[in-house]
Protein chains: 2
Amino acid sequence: MGSDNARIGRPRSEQARQSILHAADDLLVDVGYAAMTMKGIAERAGVGRQTLYRWWTTKAEILLEATIDDLLEELTTPAEPDPVEDLSTYLRALGRFLLDDPAGLAYRALVGEAQHDPAVRDLVRTADPLGTSARAVLDRVRRTAPAMPDPALCTAHLVGPVVYQVLTAQTALPDTELRAHVTDLVARWSTATGSA
Amino acid sequence: MGSDNARIGRPRSEQARQSILHAADDLLVDVGYAAMTMKGIAERAGVGRQTLYRWWTTKAEILLEATIDDLLEELTTPAEPDPVEDLSTYLRALGRFLLDDPAGLAYRALVGEAQHDPAVRDLVRTADPLGTSARAVLDRVRRTAPAMPDPALCTAHLVGPVVYQVLTAQTALPDTELRAHVTDLVARWSTATGSA
DNA sequence: GTACAAACGAGGCATTAAGCCTCGTAAGTC
DNA sequence: GACTTACGAGGCTTAATGCCTCGTTTGTAC
């Protein structure tokens, strides 16, 4: 599908760009990722197909650009003094986001496509919107949790269960489980170590 | 793509079926999931395309059937007396499996496709091979961990971080992190409760 | 304001896979 | 040995991809 040549720049008209990104977003919600086509995006946006191919290589690229701002905004939760509360709030928001929000649907579709297409894998890994949002929360917690390891590992431990549950079961984890999970993590990160 | 009509039964010749399943498996490794086609599978297996459409609806269905046995076998780890050791061994095997094993590659591709196609989502959720394998290990641990909640939740907590890390970063979690994670889980499941 | 160049909408094109259809053939059953 | 069902082969319609060429518009240089 996608070749190697990367497009640089943007459409001349910012309004056209917004039309395209909105068209992609709407199409995803309307027909799903599989039935979403470059042709369909172009038609819904009222632009020529070549305009799409000029600035983007795949529908995944368009979709990521269309949703990344919403994604980062939705996953920015207010700081709370208690670390457990802070992280729980974040995970609750994450679960809701992945299940119900259009941008969450887009993120799931992109992670899915990343399993099929190496170019999309690199794209999502580089943007890493979920990791970025998690890092923001984890940085707040770090003051009270000196034993926190590498942020990437923390992120995986923190969000892994939630993401796994949504990807495989289309379900959110119950609140009590979320709290227990976060409590364990904070305890381990606060004291010297939690294992052998 | 996939309609609603479910195929029942199998090819008349078991040998033909094996050829098809092997062809699907090989094709996945050779060209990746995206470039894998029904046409390609049929040609490599030396069967007519209609034979594929007669018994399966999508390449995902073929792939799942082709790899589910390997998958369950690879993720069956020997019992160990210490629960922490038992679960750690399982998670280590899971990480290796998802990263390196052809059946692990297939599982990732299927989870990816499940984000695009509701039919595949149901298919994978019903088969739930990873959940099945995790349950086997968790059942062994249950004796020493009376406070374990719903197996589905336990599975999400146990394997979530590992799966997330592989899906998003194509990386395994380090051994020390795995142990710390498992230690926390076992501690919580052993005592009355780990949260408020 | 006029000239120029780049991007644009439109749509034609070759290529390819999906999924259905119909052939004639090869198995298994009674 | 007749009947039935699956089979391989491949033709077909439809539709998306990604490239191409047409005018035409639009923003900039003079």
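No experiment lies behind these values; they were computed from the predicted model shown. Naming: A, B, ... by sequence-line order, numbering from 1 per chain.
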Whole-Å gap separating P (D/dG8) and CD (B/E43): 13 Å
A/Q15 CD: over 12 foreign heavy atoms closer than 6.0 Å: no
Distance, rounded to the nearest Å, where B/R17 contributes CZ and D/dC7 contributes C1': 17 Å
Check: B/L110 main-chain N/O paired with A/Q115 side-chain donor or acceptor under 3.5 Å: no
What does the list of N/O pairs under 3.5 Å between the protein and nucleotides 9-16 of chain C look like, with a distance for each?
unit_1	atom_1	unit_2	atom_2	d
C/dG9	OP2	A/G48	N	3.1
C/dG9	OP2	A/T51	OG1	2.5
C/dG12	O6	A/R49	NH2	3.4

Salt-bridge present (B/R108, B/E113; N to O < 4.0 Å): no
Kindly give the atom pairs (protein nitrogen or oxygen, nucleotide nitrogen or oxygen) under 3.5 Å for nucleotides 1-5 of chain D.
unit_1	atom_1	unit_2	atom_2	d
D/dT5	O2	B/R12	NH1	2.8

Sequence-distant partners of A/R125, salt bridge (Lys or Arg N to Asp or Glu O under 4.0 Å), two or more places apart: A/D122
Pairs flagged by side-chain hydrogen bond (donor to acceptor under 3.5 Å, both in side chains) wherever residues 144-159 of chain B is involved - sequence neighbours left out: A/E177-B/H157
Any residue meeting side chain to side chain contact (heavy atoms under 4.5 Å, CB included) with A/L123, in chain and number order, not counting sequence neighbours: A/E61, A/L64
Nearest-angstrom distance from the residue atom NZ of A/K39 to C1' of D/dT17: 11 Å
Rounded distance in Å - CD (A/E14) to C1' (C/dC8): 16 Å
Integer-rounded Å distance: D/dC7 C1' and B/L52 CG: 12 Å
Atom pair distance, as rounded to whole Å: OH in A/Y53 and P in D/dT21: 17 Å
Short side-chain N/O contact from A/W55 to OP1 or OP2 of C/dC8, under 4.0 Å: yes
Non-hydrogen atoms of A/V29 and A/L105 that approach each other most closely: CA-CD2, 4.4 Å
Nearest-angstrom distance from the residue atom CE of B/M38 to P of C/dC20: 10 Å
Acceptor/donor pairs from residues 129-140 of chain B side chains to any protein atom, 3.5 angstrom cut, sequence neighbours excluded:
unit_1	atom_1	unit_2	atom_2	d
B/T132	OG1	B/D128	O	2.8
B/S133	OG	B/Y90	OH	2.6
B/S133	OG	B/L130	O	2.9
B/D139	OD1	B/R142	NH1	2.8
B/R140	NE	B/D86	OD2	2.9
B/R140	NH1	B/T77	O	3.2
B/R140	NH2	B/T77	O	3.3
B/R140	NH2	B/D86	OD1	2.8
B/R140	NH2	B/D86	OD2	3.4

Heavy-atom donor-acceptor pair, B/H116 side chain to A/A109 backbone, under 3.5 Å: yes
Interatomic distance where CD1 belongs to A/I62 and P belongs to D/dA16 [whole Å]: 15 Å
